[in-house]
Amino acid sequence: MPVVARTGASMRAVSRTFVMCKPDAVERGLVGEIIRRIEQKGLSLVAVELRSVDTALAEAHYAEHADKPFFGELVAFLTRSPVVAMAVDGPGEDTWQIARLLIGATKVTEALPGTIRGDLATTTNENLVHGSDSDESARRELELWFPGLPTA
């Protein structure tokens, strides 16, 4: 979802995605490290919010899993303590892919060293961070978490 950002006299195409530090990241004090890695990669934070998540937002966020047996566990996890929601910009049209590479595989045992999950997560059920997995999910999630923030 390209957005145009003005930097000095030049224009550059950027894309925006959604990243969230989940409750376990906040509880373990890892938000700063996660943000450091995002910024060190060259991605920019456009919006950041520490917030408690109500059941309605958690259910909407995980709507694609509503028919799965673990849906209730996902909702309970996301609502147990605050999260840090972020709108993140990057160059080109691949920001969601760059963020997902930084985050690492969902299953902790498959997350490579050097990724957030590979270095910091200890269980798959509490794997510290969420990142949109496509342009479509980025648009949907950004609208849920940051209504009114331009996505394109």
Side-chain angles (χ1 to χ4, degrees), residues 1 3 5 14-91 94-152:
M1 80 191 75
V3 176
V14 298
S15 61
R16 185 164 293 162
T17 195
F18 177 74
V19 176
M20 173 177 46
C21 295
K22 296 178 183 179
D24 55 326
V26 176
E27 293 163 1
R28 290 179 55 198
L30 295 173
V31 173
E33 174 63 16
I34 292 167
I35 289 173
R36 184 190 67 78
R37 290 176 182 225
I38 290 167
E39 292 180 325
Q40 189 173 38
K41 183 67 176 177
L43 304 179
S44 302
L45 301 178
V46 177
V48 179
E49 183 179 0
L50 174 69
R51 67 188 290 184
S52 295
V53 181
D54 62 27
T55 301
L57 178 56
E59 288 175 346
H61 179 78
Y62 285 126
E64 66 202 48
H65 301 298
D67 60 343
K68 298 188 174 105
F70 56 84
F71 180 69
E73 292 173 34
L74 288 174
V75 172
F77 172 55
L78 202 59
T79 58
R80 86 172 183 206
S81 62
V83 303
V84 174
M86 297 175 271
V88 178
D89 277 2
D94 302 323
T95 302
W96 73 266
Q97 292 169 309
I98 294 167
R100 296 283 293 192
L101 286 171
L102 282 172
I103 291 167
T106 300
K107 290 181 71 175
V108 172
T109 55
E110 296 173 3
L112 297 175
T115 66
I116 293 167
R117 290 176 177 154
D119 292 348
L120 305 172
T122 57
T123 68
T124 296
N125 290 344
E126 296 191 10
N127 58 15
L128 302 175
V129 64
H130 165 84
S132 301
D133 62 6
S134 68
D135 283 332
E136 295 76 26
S137 68
R139 276 191 287 277
R140 183 183 73 78
E141 292 168 354
L142 286 165
E143 182 57 36
L144 276 173
W145 292 87
F146 297 103
L149 182 71
T151 58

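- The shortest side-chain heavy-atom distance between V88 and S44 does not fall under the 4.5 Å cut-off.
- In this structure, K107 places its NZ atom where only 12 or fewer heavy-atom neighbours from other residues, nucleotides or ligands lie under 6.0 Å away.
- Looking only at distances, a side-chain donor or acceptor of S15 sits under 3.5 Å from a matching main-chain atom of T95.
- I116 contributes atom CD1, which lies 9.5 Å from atom CZ of R36 (distance to the nearest 0.5 angstrom).
- D133 and W96 get closest at one heavy-atom pair: O-CZ3, 2.9 Å.
- Looking at every heavy atom in both residues, A121 comes nearest to N127 through CB-CA, 4.0 Å.
- The number of heavy atoms from other shown groups lying within 6.0 Å of CD (E27) is above 12.
- Expressed to the nearest 0.5 Å, how far OG1 of T115 lies from CD of E110 amounts to 11.5 Å.
- Atom CG in D89 sits 9.5 Å away from atom CG in L45 (nearest 0.5 Å).
- Side-chain atoms of R16 come within 3.5 Å of backbone atoms of P150 as a donor-acceptor pair (strictly under, hydrogens ignored).
- Atoms OG and CZ, from S132 and R140 in turn, are 8.5 Å apart once rounded to the nearest 0.5 Å.
- Across all their heavy atoms, Y62 and F71 have their closest contact at O-CE1, 3.3 Å.
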With side-chain contact (heavy atoms from CB on, under 4.5 Å) as the test, would you mind laying out the steps for E49 and F146 before giving the verdict? CA-CA 9 Å; E49 183 179 0; F146 297 103; 4.1 Å; yes

Stepwise side-chain contact (heavy atoms from CB on, under 4.5 Å) check, L43 with L102: CA-CA 11 Å; L43 304 179; L102 282 172; 4.1 Å; yes

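- Among all heavy-atom pairs drawn from V75 and E59, the shortest one is CG2-CG, 3.8 Å.
- The pair E126-R80 meets the salt-bridge criterion, with a side-chain N (NZ, NE, NH1 or NH2) lying under 4.0 Å from an Asp/Glu carboxylate O.
- A heavy-atom distance below 4.5 Å is not found between the side chains of T122 and V108.
- Atom CG of D135 and atom CG of D94 lie 8.0 Å apart (nearest 0.5 Å).
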Could you go through H61 and L74, starting from their C-alpha distance and side-chain angles, then the distance that decides it, and tell me whether this counts as side-chain contact (heavy atoms from CB on, under 4.5 Å)? CA-CA 10 Å; H61 179 78; L74 288 174; over 6 Å; no

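- Separating the CG atom in L120 from the CZ atom in R28 is a distance of 6.5 Å, to the nearest 0.5 Å.
- When side chains are defined from C-beta on, F77 counts as touching D24, because their heavy atoms get closer than 4.5 Å.
- Contact detail for L149 and A47: the closest heavy-atom pair is CD2-CB, 4.2 Å.
- Here the side chain of R117 pairs no donor or acceptor atom with the backbone of L128 at under 3.5 angstrom.
- T79 and A58 get closest at one heavy-atom pair: CG2-CB, 3.7 Å.
- With respect to E143 and R139, no salt bridge is recorded, no charged nitrogen being found less than 4.0 Å from a carboxylate O.
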Yes or no on side-chain contact (heavy atoms from CB on, under 4.5 Å) for M86 and I38, after CA distance, side-chain angles and deciding distance? CA-CA 11 Å; M86 297 175 271; I38 290 167; 4.1 Å; yes

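- The closest side-chain heavy-atom distance from M20 to E141 is not below 4.5 Å.
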